[in-house]
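Contents: one structure, followed by commentary.
Naming: A, B, ... by sequence-line order, numbering from 1 per chain.
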There are 2 protein chains.
Amino acid sequence: MNDVKPSQEPDGPTGTLAFRLGTVGTLVTARFAAAVEDLGVKPKHVGLLSVIGSGAPASQQDVARTMGVVPSLVVTLADQLEELGAIERVRDPDDRRRHRLGLTPEGHTLLAECTARARALDEELTAGLSTAERDTLSRAMGVLAREAGLP
Amino acid sequence: MNDVKPSQEPDGPTGTLAFRLGTVGTLVTARFAAAVEDLGVKPKHVGLLSVIGSGAPASQQDVARTMGVVPSLVVTLADQLEELGAIERVRDPDDRRRHRLGLTPEGHTLLAECTARARALDEELTAGLSTAERDTLSRAMGVLAREAGLP
DNA sequence: GATGAATCGTTCATAGCTCGAATGATTCGG
DNA sequence: CCGAATCATTCGAGCTATGAACGATTCATC
């Protein structure tokens with residue numbers, strides 16, 4: 001009768017979802033960063049690639065909004081990815097203020113490799129979970145993302 | 001037969017658990033930071049309070065290890081919390097190199113308030129989830145935390 | 001007991017990341 | 001045609017967290 005809530009967890013903020021999400025997120029991001037370091041990119045770069053990769057070529061403003069960062073940061077990230085030969089900037093003929101960002105063939109390859117490594121990391125992380133739990137977790141993260149103000 | 005995997009998710013890294021954990025973590029942390037801002041503390045302070053609050057009084061080195069940060073950062077955080085009157089440093093009589101960190105009565109109150117707000121945030125975030133899903137999520141986060149290298 | 005090595009807390013300088021304001025080019029609305 | 005708005009870019013600044021030095025204290029070995 002005493003294990004209705006089997007929580008052996010500490011009862012401080014450290015035990016709450018909000019807090020744990022932060023610490024685990026930081027840790028996992030660090031691990032992902034280490035996993036793609038040799039490719040010359042960091043998580044933010046991968047995020048940019050991913051945004052560009054899925055969907056129509058977008059302006060840097062759009063990308064910034066989607067990523068939840070400031071446009072000036074997109075400039076820096078895009079500069080570095082362009083230098084890697086992963087993306088290219090094309091002046092939008094319809095509105096020549098805009099730069100439409102697109103993946104180069106090398107960019108597609110890079111994105112695919114990053115995706116593969118992210119998936120591998122997922123496998124490691126969820127090794128201790130059942131398939132049903134993974135699905136629930138995956139779905140819950142989607143809900144949380146929207147709840148936290150993501151597109 | 002085509003919805004064996006009902007994933008409408010994008011297939012880039014953005015859709016992976018590892019990546020989403022990072023972005024959601026950052027977002028949630030920002031929201032928690034805003035929630036406790038008027039108390040004069042930031043998430044890292046709350047983490048420190050939480051570590052001190054649960055368990056025997058620990059040295060700053062121990063706290064640093066538990067939090068996964070460098071000892072010099074604990075100095076800064078402890079300074080600010082001490083100035084708030086939330087914690088106190090006591091020279092360990094058994095080993096006078098050490099400072100044992102302890103919560104003051106005000107510190108207990110502050111920690112309790114932070115805990116309450118973290119729980120309230122949890123409620124908001126998981127509003128769209130069933131009770132069973134919340135439990136699974138909670139458990140899964142514990143597994144991930146250990147898997148990612150947390151105590 | 002003495003003495004060199006190790007540990008604890010602290011200070012300081014520094015690196016990394018991100019933001020915000022200012023600028024120039026371009027487009028839109030009246 | 002002209003002022004307001006939008007886009008990309010540059011530049012400077014802020015904040016966090018780190019790592020290397022340093023004094024105080026303890027430990028281990030002789």
In whole angstroms, how far is the P atom of D/dT10 from the CD atom of A/Q80? 12 Å
Counting only side-chain heavy atoms from C-beta out, which of D/dT26, D/dA17, D/dA20 sits nearest to B/K44? D/dA17
Find the distance A/M67:CE to D/dA8:P and express it as a whole number of Å. 14 Å
Length of the line joining A/Q61:CD and D/dT9:P, which is rounded to integer Å: 10 Å
As a quick check of understanding, evaluate side-chain hydrogen bond (donor to acceptor under 3.5 Å, both in side chains) for A/Q61 and A/S59, giving each step before the final call. CA-CA 5 Å; A/Q61 296 276 345; A/S59 75; over 6 Å; no
Which heavy atom in B/G53 sits nearest to a heavy atom in B/L103, and how many Å separate them? CA-CD1, 3.6 Å
In plain terms, say whether B/D122 and A/R20 are close enough for a salt bridge, that is, a side-chain N and a carboxylate O under 4.0 Å apart. no
Please state how far atom CZ in B/R91 lies from atom C1' in D/dA24, giving the value in whole angstrom units. 8 Å
From D/dA17, D/dA24, D/dT9, pick the nucleotide closest to the side chain of A/H99? D/dT9
Is a side-chain N or O of A/T136 found less than 3.5 angstrom from the main chain of A/A132, in a donor-acceptor match? yes
Measuring from the side chain of B/K42 (C-beta onward, heavy atoms only), which nucleotide among D/dT10, D/dT26, D/dT16 has the closest atom? D/dT16
Rounded to whole angstroms, how far apart are CZ on A/R89 and P on D/dA8? 9 Å
Would you kindly give the CG-to-C1' distance between A/L73 and D/dC11, to the nearest whole Å? 15 Å
Counting any heavy atom closer than 4.0 Å, what does B/V69 reach on the DNA or RNA strands: base, sugar-phosphate only, or nothing? sugar-phosphate
Using a 4.0 Å cut-off to any heavy atom of chain A, which nucleotides of DNA chain C are the first and last in contact, reading 5' to 3'? C/dC17 to C/dT27
May I ask you to decide if B/V46's main-chain N or O and B/S50's side chain share a donor-acceptor pair within less than 3.5 Å? no
How would you label the contact of B/T76 with the nucleic acid (heavy atoms, under 4.0 Å): base, sugar-phosphate, or nothing? nothing
Nearest whole angstrom, please: distance from the P of D/dA17 to the CG of B/L77. 7 Å
CZ of A/R97 versus P of D/dT9: gap in Å, rounded? 14 Å
Going through the distances and angles, do B/D79 and B/T76 end up as a side-chain hydrogen bond (donor to acceptor under 3.5 Å, both in side chains)? CA-CA 5 Å; B/D79 281 349; B/T76 307; 5.5 Å; no
